[in-house]
Each structure stands twice: as structure tokens, then as C-alpha cells.
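Just below is one structure, and these are the notes that go with it.
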2 protein chains.
Amino acid sequence: MEGTYKTVRALERGLEILFELNKIGRATPAQLSKATGIDRTTTYRLLHTLAAQGLVGRSPAEDSFYLLRDTRRLSDGFIETDQVLWLAGVELGKMLLKVQWPSDYATFDRGTMLIQETTHRFSSLSVHRNMVGRRRTLFSSALGRAVLAGATDSEREMILQITESSLGRPAPRNIDSLLEDFHQRGYTWSVGGSEGHISAIALPIKGKDRVVGAVNIVFFRRASTPEEIAEKHLDSLKSCVAAIEAGITKTAEDTRSLHGPTPESS
Amino acid sequence: MEGTYKTVRALERGLEILFELNKIGRATPAQLSKATGIDRTTTYRLLHTLAAQGLVGRSPAEDSFYLLRDTRRLSDGFIETDQVLWLAGVELGKMLLKVQWPSDYATFDRGTMLIQETTHRFSSLSVHRNMVGRRRTLFSSALGRAVLAGATDSEREMILQITESSLGRPAPRNIDSLLEDFHQRGYTWSVGGSEGHISAIALPIKGKDRVVGAVNIVFFRRASTPEEIAEKHLDSLKSCVAAIEAGITKTAEDTRSLHGPTPESS
DNA sequence: CAAAACTGTGCACTTAATGCACAAATCTGT
DNA sequence: ACAGATTTGTGCATTAAGTGCACAGTTTTG
């Protein structure tokens with residue numbers, strides 16, 4: 001990412017052939033060579049390498065290669081939320097430039113909020129590091145409260161059920177005051193949170209039809225109050241959330257196009 | 001495929017990293033290096049190459065890499081029928097050894113039968129070549145008749161509608177006699193087909209809940225009759241079809257397992 | 001049946017992938 | 001808060017490994 005690096009050509013070319021095969025659906029080595037501009041024999045050998053990996057197969061009758069089921073091994077590990085992760089990281093970075101305080105992006109995961117991305121490392125106003133992977137409670141953290149506030153009624157019910165079953169104890173059901181507070185203020189908050197000296201405000205991130213996660217701004221309890229921070233930085237937080245949400249709907253829109261093999265008839 | 005070739009290592013290694021990333025979901029260069037056994041700096045550079053292609057992204061905050069949506073470009077071109085294609089090619093090859101006559105595997109595609117795989121090239125009893133991509137009619141070819149015969153009622157209705165709309169003329173609706181003939185004989189047939197001197201018998205290939213295509217045996221009209229060929233080779237044809245169908249259900253069964261990223265909590 | 005196109009493989013060339021080495025940054029434990 | 005341990009990023013020399021030419025064999029075209 002830093003200095004644009006010298007890339008590995010053999011890998012690039014192999015991938016290029018895979019891309020091409022995905023477009024065409026079926027092709028001979030010569031066709032692929034023409035399409036990619038890679039020398040024919042090189043194409044041939046790259047195809048063999050791909051075949052050895054079980055990614056492409058060759059028709060026993062025709063000379064053409066095509067994709068095999070195992071190509072899924074290259075992409076099945078991808079999950080939608082990863083895309084959001086990238087976005088969140090970028091936007092959090094931008095926000096840090098305006099707001100000095102660090103912030104986290106977290107998702108609801110099995111009863112608690114799982115921090116997925118953070119700018120703690122880059123903020124001079126943070127003592128924490130290694131935030132990613134840590135968890136915050138659903139009820140007492142600003143992040144958790146934001147998710148609860150951003151959820152639809154049915155979604156919230158599901159979240160509460162999951163939380164109860166994974167925590168093994170009943171969840172506090174006085175959510176109403178929390179929701180009211182959120183609608184009044186426009187954000188959720190917590191004071192003296194996880195370690196007694198940390199406070200935060202947070203907003204939910206909403207996807208197409210569900211709450212994806214939440215983003216917060218973290219500050220020292222003795223340094224300021226939620227109200228003061230909100231006054232100064234809520235707009236930044238809001239536009240950060242908006243940017244992430246925009247990215248989500250954008251990636252959701254571009255429906256992946258499957259193109260079947262449509263050889264020309266004679 | 002022939003002599004196991006010298007594979008391209010750089011490509012293999014890059015793919016290995018992608019595989020690993022698909023398993024783990026999220027990893028630092030060092031982790032990937034350990035997991036794959038590839039030198040750390042090499043791993044690092046391969047990751048950069050993958051990143052340059054837009055396949056993986058790197059968290060701006062954390063050091064870990066993860067997959068991006070574009071990994072789908074590596075596999076979206078794959079279609080289920082391709083898997084069948086490979087199978088069909090192999091099985092047709094096997095059948096050719098027993099039955100001297102050439103045979104084709106074809107699928108229904110926009111109103112006609114599209115030949116996808118063939119052993120014409122390898123049969124000494126064929127004058128044709130370049131069969132793949134050619135088309136046979138739905139009503140007068142053994143292949144087409146086999147698909148009609150193998151379809152369920154609702155499926156057949158769909159096939160007929162598609163055919164009518166793409167041919168622009170009404171389809172013959174006297175299918176009943178065809179079906180009756182099929183159930184009586186156990187195969188479909190055509191005499192003096194596409195070019196006057198070619199005959200064939202055929203069987204449908206059925207997938208989980210739909211007709212996938214059909215396989216035929218082709219012979220010279222003056223050399224034999226459908227009845228004679230069926231007597232000699234229908235068993236071979238049947239076991240060929242059975243092998244392909246077995247392969248289809250097998251690949252359909254192995255449901256692809258998606259594994260989400262489940263980072264450990266602190 | 002001759003010409004053109006394509007496939008498969010050996011081989012020589014030198015590009016380009018690789019891993020070591022080192023500096024810088026980051027994390028960990030006390 | 002500080003020192004040791006771990007990890008990251010990059011330059012560079014080495015040579016392994018990717019690449020394309022050449023040629024023989026096969027297939028397709030006209």
C-alpha cells in the first residue's frame with residue numbers, strides 16, 4: 001500500500017487468465033493468449049498450473065478450458081461484512097483527522113459488541129492498543145446501545161434473545177428509556193465505561209434492512225462530557241456513518257452478473 | 001494434462017495464500033507466512049500483488065489482510081453445468097471404447113439442442129468434426145426428443161413455450177405419441193436426421209429436479225437401424241447416463257461451506 | 001490435398017522471484 | 001515507563017524459475 005510495490009508478474013498473469021475465463025466461460029489456450037496478450041506457451045503453462053490446483057478443467061473432447069467448482073475456494077471466505085470493514089477503516093481514519101479522539105467500529109456478535117476496526121493506535125489521545133477483537137457489553141457501552149437503538153423492533157427482539165441465550169441470564173428489559181433518550185439526543189452514550197475512566201458517544205450503522213454495527217467516539221471521562229463531545233463532533237460522526245452506509249448500499253447494488261456460456265451456433 | 005508439467009510456482013503460491021485467507025478470514029502477513037510455509041517477505045509481496053488486483057484489502061488500522069468483494073471475479077463465471085460438462089466428456093470417452101459409434105452430449109438452449117461435448121473427433125466412424133457449438137432441432141433430433149421425454153409435465157410446457165417464442169412459430173403439439181414411444185422402447189431415436197444419412201438414439205440426463213440435457217449415439221443410416229443399435233448398445237448408453245447423473249447429484253450434495261470470521265475475544 | 005492454424009514440448013536466456021539482512025516500528029512483560 | 005522480543009517494510013545479491021523462441025506433430029480449412 002505504501003510505496004506501490006513491484007508486483008509478482010507470474011501471479012498477476014495467472015489471475016488475468018482466471019478473470020478472462022470467468023468472462024468468456026470457455027476458451028482454448030490460443031484464445032486466452034490473444035485475449036490477454038500473454039505468450040501462448042506461457043498461457044498454456046499457467047493453465048496447467050491452474051488445472052493442477054483443480055481450478056480449471058479441460059474438456060476431454062474439445063481443447064477448451066473452463067472453470068471448475070473449486071474456484072469457489074478462492075472466494076467463499078469472503079463475507080459481506082468484510083467489505084464494510086474496509087470502508088469503516090478508511091472513514092474512521094478520516095474522522096480521526098477532524099476529531100482528535102479515537103473511535104471504534106464494532107458489530108453485534110453473539111451477545112456482545114465485537115470491535116472490528118479502530119483508530120486507537122493512531123490517536124495521541126488514547127492509551128489503548130490492540131483494540132480489534134476486544135468486546136464491549138451490549139447494554140452498558142455506547143456501541144451496544146447504538147445497535148439496540150438502530151434496530152427495528154423485530155430485530156431488537158432477536159438481538160435480545162441471542163444475548164440472553166449466550167450470556168445465560170435475562171437481559172434488562174427497560175430498553176424504552178434508552179430508545180427515548182436516543183431519539184431525543186440523536187446519539188447514544190456511556191460514561192466511565194469499560195474501565196471507569198472512559199466515556200463515549202455512538203451511532204448505529206444501518207444496512208439495507210438491518211443494523212450492521214455501530215461507530216463511536218471515545219474520550220476520557222475527566223476530559224469532557226458526552227454532551228460537549230456531541231456538540232463538537234456529532235456532525236463528524238454522522239457524516240462518517242453516512243459515508244459507510246453509502247458504501248454499503250453501493251456494494252449491495254452492484255449485483256454480481258452471472259454470464260452463462262453462450263457459444264455461437266453453427 | 002498429458003505429462004504432468006512443471007507448474008508455475010509464483011502462481012501456485014499466490015493461490016495458496018488466497019486459499020488460506022479464505023479459510024482464516026483475516027490474517028497478517030506473518031500469520032500467512034507461517035500457515036503456508038512461504039517466506040515472510042515473499043508472502044508480503046504476493047499479498048501486495050493480490051491487493052493491486054483488488055482481491056484483498058488491508059485494514060488501515062490493523063495490519064491484517066482480508067478478502068474483498070472482487071474475489072468473486074475469480075469464480076462468478078463458474079456455472080453448475082460446466083461441472084457436468086467435464087463429467088460428460090469423460091463418460092462419453094469411456095463409452096466410445098465400448099460402442100464404436102460417436103456420441104454427443106447436448107443441452108436445451110433457447111429453443112434447440114446445443115451440443116456441448118462430443119466424441120466425434122475420436123471415432124473412426126465419424127466424418128464430422130467441430131461438433132461442439134452446433135445445434136440440433138428439438139423435435140426432429142433424438143437429442144431433442146430425449147429432453148422432451150425426460151422432462152416433467154410442467155418442465156415440458158416451459159420448454160415448448162421457450163421454443164415457440166424463440167423460433168417464432170408454434171411447436172407441434174402431438175408430443176403424446178413421442179412420449180408413448182419413449183416409454184415403450186426406453187429411448188428416443190431419429191433416422192436420417194440432420195443431414196439425411198445420420199441416425200441416432202438418445203437418452204435424457206436428469207438432474208436433481210430437472211432435465212439437464214441428453215446423450216446420444218450416432219450412426220450411419222445405411223449401417224444400422226435404431227432397434228439394432230439399441231439392442232447392442234443401449235446398456236452402455238444407460239450406464240453412461242447413470243454415471244453422469246451420479247456425478248451431478250454428488251456435486252450438488254457437497255454444499256459449499258461458508259466460514260465466517262470469528263476472531264477470538266480478548 | 002496443400003496451406004494455415006493450433007497444440008505440445010525441449011531448451012537457452014535472462015528476467016524476475018526469492019530470501020537474507022538490516023532498520024524501523026510496535027508490542028509485551030515487569 | 002522502559003528494555004527485550006516480535007513484527008513490519010525495504011534494499012539488494014543470487015540464482016532459481018518464468019518466459020518465449022523454435023520445431024515437430026496434429027488438426028482444421030478451403
Side-chain angles (χ1 to χ4, degrees), chain A residues 1-17 26-52 58-65 102 118-124 126-134 266, chain B residues 1-17 26-52 58-65 102 118-124 126-134 266:
Chain A
M1 288 300 157
E2 336 282 318
T4 307
Y5 232 120
K6 191 180 63 175
T7 54
V8 179
R9 191 171 61 146
L11 176 54
E12 275 181 332
R13 290 176 142 190
L15 293 172
E16 202 178 337
I17 286 177
R26 207 179 192 204
T28 62
Q31 286 176 316
L32 286 170
S33 170
K34 269 179 206 155
T36 58
I38 302 170
D39 185 273
R40 186 185 58 80
T41 57
T42 303
T43 305
Y44 182 67
R45 222 121 43 164
L46 290 172
L47 279 168
H48 266 273
T49 305
L50 293 173
R58 183 169 208 178
S59 158
E62 280 284 299
D63 287 330
S64 53
F65 286 83
T118 177
T119 58
H120 271 264
R121 284 182 13 157
F122 304 119
S123 170
S124 53
S126 170
V127 291
H128 289 103
R129 42 201 179 182
N130 247 18
M131 288 301 292
V132 173
R134 295 197 196 188
S266 60
Chain B
M1 285 301 159
E2 337 282 319
T4 306
Y5 232 119
K6 192 180 63 175
T7 53
V8 178
R9 192 170 61 144
L11 175 55
E12 276 181 330
R13 289 176 143 192
L15 293 172
E16 201 178 340
I17 286 177
R26 206 180 194 204
T28 63
Q31 287 176 315
L32 286 170
S33 171
K34 272 178 205 156
T36 58
I38 301 169
D39 185 272
R40 185 184 60 80
T41 57
T42 303
T43 305
Y44 182 67
R45 224 124 37 167
L46 289 172
L47 279 168
H48 266 271
T49 304
L50 293 173
R58 184 169 206 176
S59 159
E62 279 285 298
D63 288 330
S64 52
F65 285 84
T118 176
T119 58
H120 271 263
R121 285 183 11 159
F122 304 119
S123 170
S124 53
S126 170
V127 291
H128 290 104
R129 42 202 180 183
N130 248 19
M131 288 300 292
V132 172
R134 295 197 196 189
S266 59

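Convention: sequence-line order gives letters A, B, ...; per-chain numbering from 1.
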Tell me whether the OP1 or OP2 atom of C/dC6 has a side-chain N or O from A/K34 closer than 4.0 Å. yes
Between D/dG18 and B/R13, is there an OP1 or OP2 to side-chain N/O distance shorter than 4.0 Å?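 Indeed not, no polar side-chain atom of B/R13 lies that close.
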Hydrogens and angles aside, do B/E16 and B/T36 bring a side-chain donor and acceptor to less than 3.5 Å of each other?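 On atom types as modelled, these side chains do not qualify, holding no pair under 3.5 Å.
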Between [X] ([atom1]) and [N] ([atom2]), how many Å, whole number?
{"X": "B/L46", "N": "C/dT18", "atom1": "CG", "atom2": "P", "value": "6 Å"}
{"X": "A/D39", "N": "C/dA16", "atom1": "CG", "atom2": "P", "value": "13 Å"}
{"X": "A/I38", "N": "C/dA16", "atom1": "CD1", "atom2": "C1'", "value": "15 Å"}
{"X": "A/L11", "N": "D/dA17", "atom1": "CG", "atom2": "P", "value": "16 Å"}
{"X": "B/Y44", "N": "C/dA17", "atom1": "OH", "atom2": "P", "value": "17 Å"}
{"X": "B/R9", "N": "C/dG19", "atom1": "CZ", "atom2": "C1'", "value": "10 Å"}
{"X": "B/H120", "N": "D/dT28", "atom1": "NE2", "atom2": "P", "value": "13 Å"}
{"X": "B/L47", "N": "C/dA17", "atom1": "CG", "atom2": "C1'", "value": "15 Å"}

Kindly give the heavy-atom pair with the smallest separation between [X] and [Y], and that separation in Å.
{"X": "B/L11", "Y": "A/L15", "result": "CD1-N, 4.4 Å"}
{"X": "B/Q31", "Y": "B/R26", "result": "OE1-O, 4.2 Å"}
{"X": "B/V8", "Y": "A/T49", "result": "N-OG1, 2.9 Å"}
{"X": "B/S33", "Y": "B/I38", "result": "OG-O, 2.7 Å"}

Does a distance-only test, which skips hydrogens and angles, find a donor-acceptor pair under 3.5 Å between the side chain of A/T42 and the base of D/dG18? no
Please determine whether any donor N or O and acceptor N or O are separated by less than 3.5 Å between the side chain of A/R45 and the base of C/dG8. no
Residue closer to the 5' end of DNA chain C, B/T41 versus A/Q31 (nearest nucleotide):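 In this pair, the answer is A/Q31.
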Here's a test of your reading of the structure: between A/A10 and A/R40, which maps to the more 5' nucleotide of DNA chain D?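 That would be A/A10.
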